[in-house]
Amino acid sequence: MPNSIDYYLTNLQTLACIGTRRDKFYKKLVGERFVDLLWHLPSQLCFRHRIEHIKDALENSLVTLEVTVELHQPSLRKRAPYRIYLRDNKGQQFELVFFNAYASFLQKSAPEGRKIAVSGQLKKENNRDGVRFQMTHPDFMGPIDEISKWVGAERIYGLTAGLTRGIVASAIDQVLENAIELDEWIPDSKYPSFLQALKMAHRPQNYDNLAVTDIARERLIFDEFIAYHLGLALSNRRQKFVIQKFAAIYNLANQLENSLPFKLTAAQKNAIAEIRCDMQSGEQMVRLLQGDVGSGKTLVAVMAACDMADNNLQTAILVPTEILSRQHYSSIGKIIEPLGLEVALLTGREKGKTREKVIEKIASGVAKVIIGTHALLEDSVIFNNLGFVVIDEQHRFGVEQRLRLSQKAKSAHILSMTATPIPRTLVLANHGDMAVSVLNEKPAGRKIIQTKVISVDRLGEVVEQLTNVMNRGNQVYWVCPLIEESETSDYAAAIARYDMLKGVFGEKVELVHGKMKGPEKDAAMERFSSGEATLLVSTTVIEVGVDVPKATVMVIEHAQRFGLAQMHQLRGRVGRNDMQSFCLLLYGQPLSFQARQRLEIMRDCHDGFKIAEHDLRLRGGGEIVGTKQSGIPKFRLSDLLQNEPDEAKALEDLFAKAHSIAMETLKEDPDLLSPKGMALRQLLVLFEKDKGEQLRKSG
Ligand code: ADP
Ligand code: MG
């Protein structure tokens, strides 16, 4: 490998103008290596004009002109400025102002009587004697022959305390000047070379040059995206497992399909076909199933579980909450136990004898479909013949849990499901190498959920209307939000609302919250799903996956505190049959602009994918209670979350393009050994994405 890359990795300390004196500032601003400094691109542009006569200048503009030094007036007392009086070529007087001046330096660079050039921001001050012109701390001051350097477009760099514009710009120029071309990693493209692009990007001539679509900037942003996708793919690279022989029998799945009171949607059929194709490929499936709430993901997973059972293999369904696991246990059991398949449930609450029995059924292979929370990941749980792992609501699981699962499921197919539709950018950013199936339609006959934004002052009216709903035999969810810690805790709010509604509706009201004991919670959920209770007050524990078809109204209290994705999830708890459903978003004051925007998006938008895109954009605000990270990685050269729509779109396209380039490259040259591959290794090093296991092993 040519060692030209070493130059880019050199420590900034070695630069004379940085040394050990300034390196801590640079460390804070950009990093430690030459290339880190080169990636610090100009953030703005200003224009410096050459003028002859000071009166021609616009107020506050940056000007460069020839002057004659008339008189020095050193500070007369402490803290008073040092002034230098000058005249322009037409004899107009003005002054330079310096605080904390270093007198001998000023006397040397602007001796009285000498013609010099100065450049800086010009201020006009009106006083009794007319207009007075001043320049405080000129940017440049020196011999006249320098003057041409101080005109034209000028880049502005982001700074940190301890550094000034000029200092940073000249450090960058020094590093650029000696930089060497690297072997090209995107050959035959429209782009300038890496070094060329860096040079151009640091010399913007107009505002277009600052845009992400500027060819030089775009190249560098593209480089970073490619490095990101390559790095992700390399570090995610799994050992390919040869998966057990799998026969396309479909016996049980066909029986199941015939027993259903409805037809599968085309999207469901399609997803099932994709999964079957993977499962028969002889390689491990790692697939993401995305679908809006209520699109019927569970059934897709269960059909695949039937195929597994036909092959005498077990399926584990991992779910994030206790409530959801019980619900899945009962609803999945209902449809597949008639086919002779035994379903087991294992959560943290199965203890003692019950737990032993379940574990025994899992170990012996009697249980074909095992549903559980992270309790399934414990070492004591040993599967007989695990062939398939389903992760429901996968985004709710932490990295560690996913790792443990992949340990347990070494040779199993994996289907991750998520009801939060994920914008493509986010999918690529987090699961770049995963195959994706999308359920983009809902079962026939589902109506749009009418969504209303209502002030909490009208709580009384809302409660009154619920009477009618419940009299018609329909059910209502009432969700109370998370509350910041300084206030009462969330379940306290839910309890208070429960007490109030109980006063109105009596025994029909139930309550669930996170602090309740398991069996209590089950009992409450059970009373609600059986229809015995018709109003369920809860905290957000019901957010995920709960399915009670007769529920038609979702009330969300203090909706302004929820994020879009969360509200969409909650709203998805209703509208699960052919009746008209409603979602009432009750808000309290004060309502911030962002919060109002969110509520309006919810009212007008019903497409989970669109909502997810809005969500991604708005989440930059960080104002939402319970905000998670956006899931978009931080990039040095661009920001995928930026709000300007055209630029955001351009970046997203570029990000997707970088993904396909990275994937194609790895397909052709998995260990990056070709000349282009070797060049790409350099790119990975530059962006510090070279930590991939495979790369280290093979190179
Ligand atoms: P989600 O995708 O949100 O997990 P579920 O799998 O919970 O959705 O399905 C929601 C409801 O829709 C369930 O009651 C399920 O039985 C029902 N369902 C699934 N597929 C269909 C279909 N093709 N037609 C009608 N109802 C369906
Ligand atoms: Mg679900």
Side-chain angles (χ1 to χ4, degrees), residues 253-254 256-273 275 287-306 315 317-338 369 371-373 390-397 415-422 436-447 449 475 477 525 528-531 541-552 554 565-579 581 583 606-609 611-612:
N254 288 341
L256 172 62
E257 193 177 343
N258 292 333
S259 74
L260 294 173
F262 48 75
K263 285 208 167 64
L264 296 179
T265 64
Q268 282 172 319
K269 282 187 188 160
N270 195 34
I272 292 164
I275 290 168
R287 184 171 280 278
L288 179 69
L289 177 61
Q290 288 201 62
D292 212 341
V293 272
S295 56
K297 293 180 292 295
T298 318
L299 191 55
V300 172
V302 171
M303 295 276 285
C306 287
T315 296
I317 303 182
L318 186 66
V319 294
T321 66
E322 188 77 44
I323 289 184
L324 192 53
S325 68
R326 277 166 210 280
Q327 181 195 293
H328 272 345
Y329 178 60
S330 108
S331 64
I332 293 174
K334 229 176 269 165
I335 56 175
I336 64 173
E337 280 184 341
V369 177
I371 296 158
T373 56
V390 179
I391 309 170
D392 198 11
E393 310 294 344
Q394 62 95 27
H395 59 284
R396 301 273 302 236
F397 290 96
L415 184 70
S416 298
M417 308 202 291
T418 175
T420 313
I422 311 174
V436 181
S437 296
V438 179
L439 298 186
N440 54 3
E441 67 182 317
K442 294 224 175 143
R446 299 271 160 88
K447 292 197 175 71
I449 301 160
Q475 289 168 281
Y477 290 102
M525 276 315 287
F528 186 67
S529 45
S530 69
V541 287
I542 58 141
E543 177 190 344
V544 156
V546 175
D547 187 32
V548 178
K550 277 175 84 179
T552 55
M554 166 63 66
Q566 213 178 3
M567 276 193 272
H568 183 64
Q569 275 288 314
L570 289 170
R571 179 167 66 181
R573 298 304 115 222
V574 297
R576 294 180 161 251
N577 53 38
D578 49 11
M579 281 173 283
S581 288
C583 176
H606 296 269
D607 176 337
F609 277 92
I611 289 178

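Note: hydrogens, waters and symmetry copies are ignored here, and every other heavy atom, side chains too, is used. Atoms within each ligand, like the ligands themselves, are counted from 1 in listed order.
The side-chain heavy atoms of I272 and V300, taken from C-beta on, include a pair separated by under 4.5 Å. At a threshold of 4.5 Å between non-hydrogen side-chain atoms, the residues L256 and L299 count as touching. Side-chain contact between L289 and V390: absent, with no pair of heavy atoms (C-beta onward) separated by less than 4.5 Å. Residues L324 and E393 have side chains in contact (heavy-atom distance under 4.5 Å, counting atoms from C-beta outward).
The closest approach between any non-hydrogen atom of G294 and ligand 1 is below 4.0 Å. Residue P549 places every heavy atom at 4.0 Å or more from ligand 1.
In terms of polar-atom proximity, defined here as any N/O pair under 3.5 Å, G296 does make such a contact with ligand 1. Not a single N or O atom of L299, backbone or side chain, sits closer than 3.5 Å to an N or O atom of ligand 1.
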For residues 440-447, which side-chain donor-acceptor pairs fall under 3.5 Å, sequence neighbours excluded?
residue: E441; atom: OE2; partner: A266; partner atom: N; Å: 3.0
residue: E441; atom: OE2; partner: A267; partner atom: N; Å: 2.7
residue: K442; atom: NZ; partner: V293; partner atom: O; Å: 3.4
residue: R446; atom: NH1; partner: G294; partner atom: O; Å: 3.3
residue: K447; atom: NZ; partner: D578; partner atom: O; Å: 2.8

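Nearest to atom 26 (N) of ligand 1 by heavy atom, out of R446, R573, E441, R576, is R446.
Ligand 1 places these atoms under 4.0 Å from at least one heavy atom of L264: 23 (N). Less than 4.0 angstrom separates some heavy atom of K263 from each of these atoms of ligand 1: 22 (C), 23 (N), 24 (N). Close contacts between ligand 1 and S295 involve ligand atoms 2 (O), 8 (O) [criterion: under 4.0 Å to a heavy atom]. Close approach of ligand 1 to T298 is summarised as follows: ligand atoms under 4.0 Å from at least one heavy atom of the residue are 4 (O), 5 (P), 6 (O), 7 (O). Residue T265 approaches ligand 1 through these ligand atoms, each under 4.0 Å from one of its heavy atoms: 23 (N).
In this structure, NZ on K269 lies 7.5 Å from NZ on K263, to the nearest 0.5 angstrom.
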Start with the C-alpha gap between I611 and R571, add the side-chain angles, then the distance that decides, and say whether side chain to side chain contact (heavy atoms under 4.5 Å, CB included) holds. CA-CA 12 Å; I611 289 178; R571 179 167 66 181; 3.4 Å; yes
